[in-house]
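Below is one structure; the comments refer to it alone.
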Amino acid sequence: PRYVLCPQSNSVYRHQAAMMAAKLEAADGGSHGELAPLQESKSSSWLSWRVFGPGLLVCLADTDAACLIVAAQSGYRWGYSMLLLQVALIPILFVAQELTIRLGVYTQQGHTACIRQHFGSFWASSACALLVFECIAAMMSEMSGIAAVGELWGLSRSLATLAAAFIIVFTIFFFKYSQIEVIGVVLGLCELTFVLTMFLFHPSPSEVFSGAWTFHGDSQFLSLVTANIGAVIMPWMIYFQQNAVVARGMVTAEDVRQERTATLFGSILTQLVMIGTLVSLAAARTKAKDIKTVLDIVDAMAPVLGWEASRILVSLGFLGGSLCAAFVVSLAAAWAVSEAVGNDVSVALDQPPTQAPSFYGSFLAVVVMGIIVLLSGVNEVKLNIIVLVLDGLLVPFAVGFLYLLATGDALPPEARITGAHKYAVALIFGLCTVLSLGSTIYSFFGSEAS
């Protein structure tokens, strides 16, 4: 049988365990006292619907339109030189997201609520405000990717954007959280079309191997490496997964094991998509030049795949990835705002809007503001710079609080990271913070200079 994680050494933890017990009693009709073992799931196979969890969803959302453009640019401009970097980023992504699982299960609180409880309302509100600005900019970026796909098929930018917004709002308002996860993951899996194109191009193994060990001293190459590393931990991913773990009702040791497995699988899968995109464009390139738009990618692949096949495959990848990320970005902001004002939003997505007005209102505000700014004619290059700047500003807050929570008394002693693990995480987070801020400064001042 599966047992509830029930720390006994501290009154705070006993209170949290009691909260979990109350949830279990409401669901299973249990009695007061010691936490009883849960019933086994009807399906314990890794192929069951449980694989469609927060970890897989948030990792697939990480490979959104902007990241696909970066991967395409990396391959078409620099060949296979950044291939090994994409592999090295897998453990970095997993390390950060795994901490959100611990915090979500043991505290039964979202990330903003944890910051609010342990560091005060000021820090929670400040971090939340930065997150909301970042999520609005990210929503514009996702909608921009969808609009670019719409233009490939003869749709106007406004029509494609409004259609995507309708799909997002309808799904959030009329589906339960577990259903939203499945929809988001299915959409995110469309990104695997770039893994397919990688094999369709039949790159030479010897060229891939030799190219992967090639390093360039060019400043543009170094800035792209920095951007890849600095952006691997997206702040909205941290906020989303911790809240989603709570919304999913994960309270057992088996829940933790399954979610860790799903997160590791998602970390590998999302980097596989990046590798597929990079290798496809590296194999397709005829000369070193920049890739800036979805149409550029279609044009680059067309000589080998044909225009129609290239348009279909690229459209599936970008549309699925952008919609998947749009769900995650908007929900992360809505959860954060609601918790910043002290509301319990663990079951908000399973409630009608009238019972969770702050949550649904925040969600709508992010979507609507993103659409308004995008349709006002914002420059796409400047938009990507804005997104990168906001990411760079928020990363120190996000990973800083995540580290302090995971090493402090927010977690019971047996769940805290200690020893070599603690110092390794500090090194990884410090590196990501420095590189994220570095890429932010370079992008901002570099764009001004150009």
Spacing of CG belonging to Leu187 relative to CG belonging to Leu323, to within rounding of 0.5 Å: 5.5 Å

Basic-acidic side-chain contact under 4.0 Å: Arg157, Glu151: yes

Derivation and outcome, side-chain contact (heavy atoms from CB on, under 4.5 Å), residues Val245 and Val105: CA-CA 7 Å; Val245 164; Val105 170; 3.7 Å; yes

Shortest non-hydrogen separation from Thr433 to Pro396 and the atoms involved: CG2-CG, 3.6 Å

Mutual orientation of the aromatic rings belonging to Trp78 and His216 [parallel < 30°, tilted 30-60°, perpendicular > 60°]: tilted

Whether Phe397 and Trp123 hold their rings parallel, tilted or perpendicular, with breakpoints at 30° and 60°: tilted

Gln241 side, atom CD; Thr100 side, atom OG1 - distance, nearest 0.5 Å: 3.5 Å

Side chain proximity check, Val314 to Met301, heavy atoms < 4.5 angstrom: yes

Closest non-hydrogen atom pair, Arg285 against Gly75: CD-O, 3.8 Å

Candidates Glu339, Gln109, His111 - the one meeting side-chain hydrogen bond (donor to acceptor under 3.5 Å, both in side chains) with Asn243: Glu339

Interatomic distance, Leu402 atom CG to Leu103 atom CG [nearest 0.5 angstrom]: 6.0 Å

Leu56 side, atom CG; Leu264 side, atom CG - distance, nearest 0.5 Å: 11.5 Å

From Thr161 atom OG1 to Leu374 atom CG, the distance as rounded to the nearest 0.5 Å: 5.0 Å

Side-chain heavy atoms of Gln73 within contact of Leu281, under 4.5 Å: no

Pair Phe221 and Phe215, ring centroids less than 6.0 Å apart: yes

Whether Arg77 side chain and Ile291 backbone form a donor-acceptor pair below 3.5 Å: no

Any side-chain heavy-atom pair of Ile275 and Met198 under 4.5 Å: yes

Intermediate values then yes/no, side-chain contact (heavy atoms from CB on, under 4.5 Å), Leu57 and Phe327: CA-CA 10 Å; Leu57 174 58; Phe327 287 133; 5.8 Å; no

Whether Phe173 and Phe363 hold their rings parallel, tilted or perpendicular, with breakpoints at 30° and 60°: tilted

Cationic N near anionic O, under 4.0 Å, Glu259 to Arg248: no

Flag, side chain of Thr193 to backbone of Leu313, donor-acceptor distance under 3.5 Å: yes

Close side-chain approach of Tyr403 and Leu99, heavy atoms under 4.5 Å: no

Any donor-acceptor pair under 3.5 Å from Ser322 side chain to Leu319 backbone: no

Side-chain donor-acceptor pair present, Thr112, Trp335, cut-off under 3.5 Å: no

Cys128 and Arg116, any side-chain heavy atoms less than 4.5 Å apart: no

Any donor-acceptor N/O pair, Glu191 side chain to Gly317 backbone, under 3.5 Å: no

Residues, nucleotides or ligands: over 12 heavy atoms within 6.0 Å of Tyr177 OH: yes

Ala406 backbone acceptor or donor facing Arg416 side chain under 3.5 Å: no

Donor-acceptor pair, side chain of Asp255 and main chain of Thr252, under 3.5 angstrom: yes

Worked check of side-chain contact (heavy atoms from CB on, under 4.5 Å) between Val337 and Phe359: CA-CA 7 Å; Val337 171; Phe359 173 82; over 6 Å; no

Under 3.5 Å donor-acceptor, Ser141 side chain and Ala137 backbone: no

Atom CH2 of Trp153: over 12 foreign heavy atoms under 6.0 Å: yes

Heavy-atom pair with the smallest gap, counting every atom of Glu98 and Arg102: OE2-NE, 2.9 Å

Residue pair Ile69 / Phe318, side-chain heavy-atom distance below 4.5 Å: yes

Minimum side-chain heavy-atom gap Tyr360-Ile172 below 4.5 Å: yes

Distance-only side-chain donor-acceptor flag, Ser358 / Asn343, under 3.5 Å: yes

Side-chain donor or acceptor of Gln242 paired with backbone N/O of Ile238 under 3.5 Å: no

Derivation of the side-chain contact (heavy atoms from CB on, under 4.5 Å) call for Tyr423 and Leu427: CA-CA 6 Å; Tyr423 293 114; Leu427 178 63; over 6 Å; no

Residue among Ile92, Leu89, Leu93, Asp62 satisfying side-chain contact (heavy atoms from CB on, under 4.5 Å) with Ile233: Ile92

Closest non-hydrogen atom pair, Glu142 against Ala65: OE1-N, 3.8 Å

Reported CE-to-SG distance for the pair Met234 and Cys59, which is rounded to 0.5 angstrom: 12.5 Å

Least distance between heavy atoms, Met139 atom then Ser330 atom: CE-CB, 3.6 Å

Val185 side chain near Cys324 side chain, heavy-atom distance below 4.5 Å: no

Thr197 to Ser280 - nearest heavy-atom pair and separation: OG1-OG, 2.7 Å

Main-chain N/O of Trp307 paired with Ser310 side-chain donor or acceptor, under 3.5 Å: no

